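Okay, structure first, notes after.
Everything numeric in this text was worked out from a predicted model, so none of it was measured.
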Amino acid sequence: MQREINQNKKLYLEVIRILAVLLVIFNHTDGFVYYTVPGNIITHLYSLILAIVCRMAVPLFFMVSGTLLLKKEEKTGELLKRRVWRMLVVLLAVSVFYYVLDIARGRIGTPGVGDFFARLASNGIRESFWFLYLYISALLLLPFFRKVASGLDKNLIIYLVAVRAFVDIVIFFLQMKTGLAVSFDAGFIGGCFYYMLIGYYIDEGKAGLFKNPGVKGSVLLSGMIILNGILVYSVKKVTGEYQTLVLDVFVFLTAPLAFGLIQKCMEGRTLSSRAEGIILTMGSCVFGIYLLDNFFRLEFLPVYLFLSEKTVGIIANSVYVLLTFAGGLTGAWILKKIPVVKNYL
């Protein structure tokens with residue numbers, strides 16, 4: 001998740017990263033499930049809409065990564081040293097931090113080196129670290145997909161989206177309708193590389209859909225979110241319970257659409273140097289905010305519980321998300337002042 005600010009200062013990428021990490025934090029809170037329980041109608045809709053929107057968070061991160069990394073040229077050794085090794089060090093360091101924290105809080109019965117590495121190997125330190133494991137895997141395959149990206153054209157993108165639509169919509173509802181586990185392996189199309197390639201393609205200015213986003217693009221994105229919400233309720237009516245996977249049905253389209261809309265909305269805008277500086281500073285701290293998310297969510301939990309009793313869910317959750325973001329931003333900013341740490345954040 002590196003920044004690229006030297007060429008045309010791509011502020012839109014920083015804006016996307018900031019929005020994405022806010023959605024990640026929301027996804028880790030109770031706000032994500034408010035819509036599944038009776039409550040205030042405003043909080044209910046707030047929860048449902050953001051539960052759908054927050055599914056774009058990780059795809060947006062990978063689209064930014066595709067934009068920044070797929071166009072680079074570097075030797076395999078340089079890739080392993082600069083990127084893969086860096087992420088491995090980060091994963092080990094934050095895992096040690098949270099493991100020690102859990103020991104201090106009495107959450108680990110029999111701590112030890114063997115227990116630590118067993119948890120590390122199985123993503124047993126923090127569930128949210130699955131992203132780091134996936135990101136490291138993506139980095140290892142970058143040389144292959146840089147070759148793929150260089151040959152992308154409109155027809156290939158259409159084909160890529162069509163296959164993804166078949167997997168995410170047709171196969172998904174076929175399995176839900178029949179109860180069968182359909183044997184169909186979509187390979188990288190069903191994973192992060194779909195978003196990396198799409199992000200790269202949109203950033204290159206080849207996606208004609210986003211030349212004049214305006215009202216049409218916003219209406220299209222809003223319509224898909226509303227349709228997704230209707231599907232959530234429809235499936236619940238049929239099955240008798242809410243199905244979390246339904247929230248992902250249109251993400252393969254909504255995430256690229258949101259990415260392209262933000263790109264075009266930011267394109268050509270003249271911001272004050274102060275506003276630009278704030279965006280760039282916050283964007284540079286996004287990775288650190290993600291790593292510190294779990295720590296600050298726990299620290300601000302008492303505030304959230306207090307507000308949950310005194311106010312409605314939408315207020316309590318919004319404050320909780322913003323406090324966690326602010327705490328992570330402050331912590332990441334301070335850590336980036338440390339020379340050695342700065343190289344990894």
Is the closest side-chain heavy-atom distance between [X] and [Y] below 4.5 Å?
| X | Y | answer |
| --- | --- | --- |
| Phe144 | Val148 | no |
| Leu69 | Leu139 | yes |
| Val94 | Ile125 | no |
| Phe32 | Cys54 | yes |
| Val15 | Leu19 | yes |
| Met87 | Tyr135 | yes |
| Ile25 | Phe296 | no |
| Pro256 | Tyr201 | no |

Ile226: hydrophobic cluster co-members (side-chain, 4.5 Å):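 Members alongside Ile226: Ile230.
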[Y] ring center within less than 6.0 Å of [X] ring center:
| X | Y | result |
| --- | --- | --- |
| Phe131 | Tyr290 | yes |
| Phe129 | Tyr98 | yes |
| Phe62 | Tyr195 | no |

Can a donor-acceptor pair be found, under 3.5 Å and without considering hydrogens, that links the side chain of [X] to the backbone of [Y]?
| X | Y | result |
| --- | --- | --- |
| Ser47 | Gly31 | yes |
| Tyr194 | Pro59 | no |
| Ser150 | Lys147 | yes |
| Thr67 | Gly199 | yes |
| Thr281 | Ile278 | no |
| Asn228 | Ile52 | no |

side-chain hydrogen bond (donor to acceptor under 3.5 Å, both in side chains) involving [X] - partner list, sequence neighbours excluded:
| X | answer |
| --- | --- |
| Thr29 | Asn317 |
| Tyr344 | none |
| Glu74 | Arg83, Arg146 |
| Thr43 | none |

Decide whether [X] and [Y] are clustered together by the hydrophobic rule: side chain heavy atoms of Ile, Leu, Val, Met, Phe, Trp, Tyr closer than 4.5 Å, transitively.
| X | Y | answer |
| --- | --- | --- |
| Ile198 | Ile169 | yes |
| Leu227 | Val238 | no |
| Trp333 | Leu22 | no |
| Val113 | Val100 | yes |
| Leu48 | Val37 | no |

Take atom [atom1] of [X] as the centre, draw a 6.0 Å sphere, and report whether it contains more than 12 heavy atoms from other residues, nucleotides or ligands.
| X | atom1 | answer |
| --- | --- | --- |
| Tyr233 | OH | yes |
| Ile42 | CD1 | no |
| Phe173 | CZ | yes |

Going by side chain to side chain contact (heavy atoms under 4.5 Å, CB included), name the residues that satisfy it together with [X], two or more places apart in sequence or in a different chain.
| X | answer |
| --- | --- |
| Val341 | Leu335, Ile338, Leu345 |
| Ser122 | none |
| Leu80 | Thr76, Val84, Leu140 |

Quick check: closest heavy atoms across [X] and [Y], and the distance to 0.1 Å?
| X | Y | answer |
| --- | --- | --- |
| Ala51 | Leu247 | O-CD1, 4.0 Å |
| Asp203 | Gln263 | CA-NE2, 3.5 Å |
| Met266 | Leu11 | CE-CB, 3.9 Å |

Quick one: do the Ser308 and Tyr320 side chains pair a donor with an acceptor below 3.5 Å?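 No donor-acceptor contact under 3.5 Å links the two side chains.
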Just to verify, what does Arg105 make a salt bridge (Lys or Arg N to Asp or Glu O under 4.0 Å) with, not counting sequence neighbours?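 Checked Arg105 against salt bridge (Lys or Arg N to Asp or Glu O under 4.0 Å); matches are Glu299.
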Quick test of your reading of the model: are Arg126 and Asp102 salt-bridged, counting only N-O distances below 4.0 Å?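 Salt bridge: yes.
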Lys/Arg N to Asp/Glu carboxylate O, Glu14 vs Arg17, below 4.0 Å: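 Arg17 and Glu14: salt-bridged.
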Residue pairs fulfilling salt bridge (charged side-chain N to carboxylate O under 4.0 Å, His left out) with at least one residue in residues 46-58, sequence neighbours excluded: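 Pairs touching residues 46-58 that pass the test: Arg55-Asp248.
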For residues 327-345, pull every pair meeting salt bridge (charged side-chain N to carboxylate O under 4.0 Å, His left out), keeping only residues two or more places apart or in separate chains.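 For residues 327-345: none.
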CG-CG distance between Leu301 and Leu323, expressed to the nearest 0.5 angstrom: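 One gets 12.0 Å once the value is rounded to the nearest 0.5 Å.
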Take the angle between the ring planes of Phe259 and Tyr12 and call it parallel below 30°, perpendicular above 60°, tilted in between.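 Rings of Phe259 and Tyr12: perpendicular, over 60°.
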May I have all residue pairs that pass side chain to side chain donor-acceptor pair (under 3.5 Å) and include part of residues 107-120, sequence neighbours excluded?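 Every pair satisfying side chain to side chain donor-acceptor pair (under 3.5 Å) with a residue in residues 107-120: Tyr99-Asp115, Asp115-Arg119.
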